[in-house]
Amino acid sequence: MRQARIKRFNALDYTGTEAINTICTNLSFSGRDCKRIAFTSFMPGAGKTYMCLNILHNMAKRGKRVLMIDADLRRSSVVSKLRLETEGEMYGLAHYLAGHCELGDCIYETNMYGACIMPAGRDISSPMTLIDTPYFGEMLDHLAPQFDLVLIDTPPVGVVVDAAEIAKRCDGAVLVVRDNFTKRDQVRAAYEQLRKADANVIGAVLNDC
């Protein structure tokens, strides 16, 4: 496993920390078989990546070994948000699914003890050609036993089909809803889209409330 350094992580205030604590506690009671969890929203801007990163941090602080996969291959933001620096060339999910590297080459152990990250690798205009293959599901099956939790940050389900395809390969899916931003009919549409894809929707998170 390669090494990476997180150079920026914005700490939450007391209220935010307690809210993330509650979310992480609820996730821990989702069942021992619920390890691969996809996070999505209806539209960009709801805070799904923000939520994933803070859950990664919180679970790692609890002594868990956690992997976050940046599966938003169209519009990745994890590397820039964290100012992530890696040893040598940075590989990610897109490189692995395209056969350009081995799985171990794109998983990075970070300076946040217990937290590992798989970057997106590069933006791709048509990522479904990589996601809609047996390799993605096989990858998750291989990784799940190695970590206490695998968080998958997906694109917005109301914009592209990628999120639903990814979510159905996971043990559970969480819908991130932003207060005074996401409309009620959008929440309903996102939920129905996930359910139609046979995704196991285990809950929703109200962000920015």
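These numbers were taken from a predicted model, which means no experiment stands behind them. In what follows, residues are counted from 1 in the order of the sequence shown.
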Visitor: Other residues, nucleotides and ligands only: do more than 12 of their heavy atoms fall within 6.0 Å of CZ on R8?
Guide: yes
Visitor: Quick check: do I202 and C34 have side-chain heavy atoms less than 4.5 Å from each other?
Guide: yes
Visitor: Taking the hydrophobic residues Ile, Leu, Val, Met, Phe, Trp and Tyr, and joining any pair whose side-chain heavy atoms are under 4.5 Å apart, which ones share a cluster with M43?
Guide: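 F42, V159, V160, listed by chain and number.
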Visitor: Tracing side-chain links under 4.5 Å among I, L, V, M, F, W and Y, which residues wind up in one group with F29?
Guide: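 Traced through the cluster, F29 reaches no other member.
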Visitor: Could you see if Y135 belongs to whatever hydrophobic cluster contains V150? Use Ile, Leu, Val, Met, Phe, Trp, Tyr and a side-chain cutoff under 4.5 Å.
Guide: yes
Visitor: If you take all heavy atoms of C106 and P119, which pair is closest and at what distance?
Guide: O-CD, 3.5 Å
Visitor: Testing the basics here: between Y108 and Q3, what is the closest heavy-atom pair and its distance to 0.1 Å?
Guide: CD2-O, 3.6 Å
Visitor: On a heavy-atom basis, which atom in D132 and which in R169 lie closest, and how many Å separate them?
Guide: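 The pair with the smallest heavy-atom distance is OD1-NH2, 3.4 Å.
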Visitor: Indicate yes or no: does D208 engage R178 in a salt bridge with an N to O separation below 4.0 Å.
Guide: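 Salt bridge between D208 and R178, a charged N being under 4.0 Å from a carboxylate O: yes.
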Visitor: Answer yes or no: is there an ion pair linking D171 with R36, defined by an N-O contact shorter than 4.0 Å?
Guide: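 Yes, charged N to carboxylate O under 4.0 Å.
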Visitor: Do any N or O atoms from the side chain of T110 and from the backbone of A115 form a donor-acceptor pair under 3.5 angstrom?
Guide: yes
Visitor: Keeping the roles fixed (side chain from Q193, backbone from V157), state whether a donor-acceptor pair exists under 3.5 Å.
Guide: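 Present.
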Visitor: Name all pairs fulfilling the salt bridge (Lys or Arg N to Asp or Glu O under 4.0 Å) condition that reach into residues 78-105, sequence neighbours left out, sorted by first residue then second.
Guide: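 Only K7-E85 qualify under salt bridge (Lys or Arg N to Asp or Glu O under 4.0 Å).
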Visitor: Look at K35 together with D148 and state whether they make a salt bridge at an N to O cut-off of under 4.0 Å.
Guide: no
Visitor: Say you draw a straight line from CE of M59 to CD1 of I20; how long is it, rounded to the nearest 0.5 Å?
Guide: 10.0 Å
Visitor: To the nearest 0.5 angstrom, please state how far the CG atom of L53 sits from the CG atom of L151.
Guide: 9.0 Å
Visitor: Would you please say whether a donor-acceptor pair under 3.5 Å links the side chains of T25 and R62?
Guide: yes
Visitor: In the structure I gave you, are the side-chain heavy atoms of Y50 and N10 within less than 4.5 Å of one another anywhere?
Guide: no
Visitor: Can you see which heavy atom on A163 is nearest to which on P156, and at what distance?
Guide: CB-C, 4.4 Å
Visitor: Determine yes or no for a side-chain-to-main-chain donor-acceptor pair under 3.5 angstrom, with N207 supplying the side chain and A46 the backbone.
Guide: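 Confirmed, N207 side chain pairs with A46 backbone.
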Visitor: Apply side chain to side chain contact (heavy atoms under 4.5 Å, CB included) to residues F39 and I152 and explain how you reach the verdict.
Guide: CA-CA 6 Å; F39 285 78; I152 303 99; over 6 Å; no
Visitor: Using a cut-off of 6.0 Å, state whether more than 12 heavy atoms not belonging to F181 lie near its atom CZ.
Guide: yes
Visitor: Do the side chains of M51 and Y191 join up, straight or via other hydrophobic residues, at under 4.5 Å, putting them in one cluster?
Guide: no
Visitor: Just by modelled atom types, is the S77 backbone N or O under 3.5 Å from a matching donor or acceptor in the S80 side chain?
Guide: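 Present.
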Visitor: If every non-hydrogen atom of A167 is compared with every non-hydrogen atom of L194, which pair is closest and at what distance?
Guide: CB-CD2, 3.9 Å
Visitor: Can you find a heavy atom in the side chain of I37 that is under 4.5 Å from one in the side chain of V174?
Guide: yes
Visitor: Hey, does F136 have a side-chain heavy atom less than 4.5 Å from the side chain of I166?
Guide: yes
Visitor: So how far is it from L149 CG to M68 CE, rounded to the nearest 0.5 Å?
Guide: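 Between atom CG of L149 and atom CE of M68 there are 11.5 Å.
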Visitor: Given the rule in the side chain to side chain contact (heavy atoms under 4.5 Å, CB included) test, do L143 and M118 qualify, once you have shown the distances and angles that lead to the verdict?
Guide: CA-CA 11 Å; L143 291 173; M118 180 188 291; 4.1 Å; yes
Visitor: In Å, rounded to the nearest 0.5 Å, how long is the span from CD1 of I107 to CD1 of I69?
Guide: 7.0 Å
Visitor: Can any side-chain N or O of Q146 pair as donor or acceptor with the backbone N or O of H142 at less than 3.5 Å?
Guide: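 Yes: the side chain of Q146 pairs with the backbone of H142.
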Visitor: Please check if atom CG in D185 has more than 12 non-hydrogen atoms from other residues, nucleotides or ligands closer than 6.0 Å.
Guide: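 Yes, because the 6.0 Å sphere around CG of D185 holds more than 12 heavy atoms from other groups.
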Visitor: Let's go through E138 and T133 carefully: what are the C-alpha distance in whole Å and the side-chain angles of both, what is the deciding distance for side chain to side chain contact (heavy atoms under 4.5 Å, CB included) to 0.1 Å, and is it a yes or a no?
Guide: CA-CA 9 Å; E138 290 169 4; T133 67; over 6 Å; no
Visitor: Can you find a pair of side-chain heavy atoms, one from M139 and one from L93, that are under 4.5 Å apart?
Guide: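 Yes; the side chains approach each other to less than 4.5 Å.
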Visitor: Please examine the side chains of K168 and N200, heavy atoms only from C-beta on, and report whether any two atoms are closer than 4.5 Å.
Guide: no
Visitor: Which distance, rounded to the nearest 0.5 Å, do you find between the CG of L84 and the CG of D70?
Guide: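 L84 CG to D70 CG: 10.0 Å, rounded to 0.5 Å.
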Visitor: Quick one: closest heavy-atom pair of C116 and L56, and the distance?
Guide: O-CD1, 4.0 Å
Visitor: Cluster question for you: counting only ILVMFWY and a side-chain heavy-atom cut-off of under 4.5 Å, with indirect links fine, are I6 and M1 together?
Guide: no
Visitor: Is the distance between the ring centroids of H100 and Y91 under 6.0 Å?
Guide: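 No, they do not, as the ring centres are separated by 6.0 Å or more.
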Visitor: How many angstroms lie between CG in D72 and OG1 in T154, if you round to the nearest 0.5 Å?
Guide: 7.5 Å
Visitor: Heavy-atom count around R122 CZ within 6.0 Å, excluding the residue itself: above 12?
Guide: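 No.
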Visitor: Are L103 and L140 linked, directly or through other ILVMFWY residues, by side chains that come within less than 4.5 angstrom of each other?
Guide: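 Yes, it is one cluster - the side chains of L103 and L140 are joined through contacts under 4.5 Å.
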Visitor: Closer than 3.5 angstrom, by distance alone: can the side chain of T22 be matched with the main-chain N or O of E18 as a donor-acceptor pair?
Guide: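 Yes, because the side chain of T22 sits within donor-acceptor range (under 3.5 Å) of the backbone of E18.
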Visitor: Does any N or O in the side chain of R195 come within less than 3.5 Å of the main-chain N or O of A199, such that one atom is a donor and the other an acceptor?
Guide: yes
Visitor: Check whether any side-chain heavy atom of V78 lies under 4.5 Å from a side-chain heavy atom of D153, and answer yes or no.
Guide: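 When only atoms from C-beta onward are counted, D153 and V78 do touch, with a gap below 4.5 Å.
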Visitor: Quick one: does any side-chain atom of Q186 pair with a main-chain N or O of K183 as donor and acceptor, under 3.5 Å?
Guide: yes
Visitor: Please test I117 against L67 for side chain to side chain contact (heavy atoms under 4.5 Å, CB included), starting from the C-alpha separation and ending with a verdict.
Guide: CA-CA 6 Å; I117 290 179; L67 171 66; 5.5 Å; no
Visitor: Does one hydrophobic cluster hold both I23 and L12, with members joined at side-chain heavy-atom distances below 4.5 Å?
Guide: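 Result: yes, single cluster for both.
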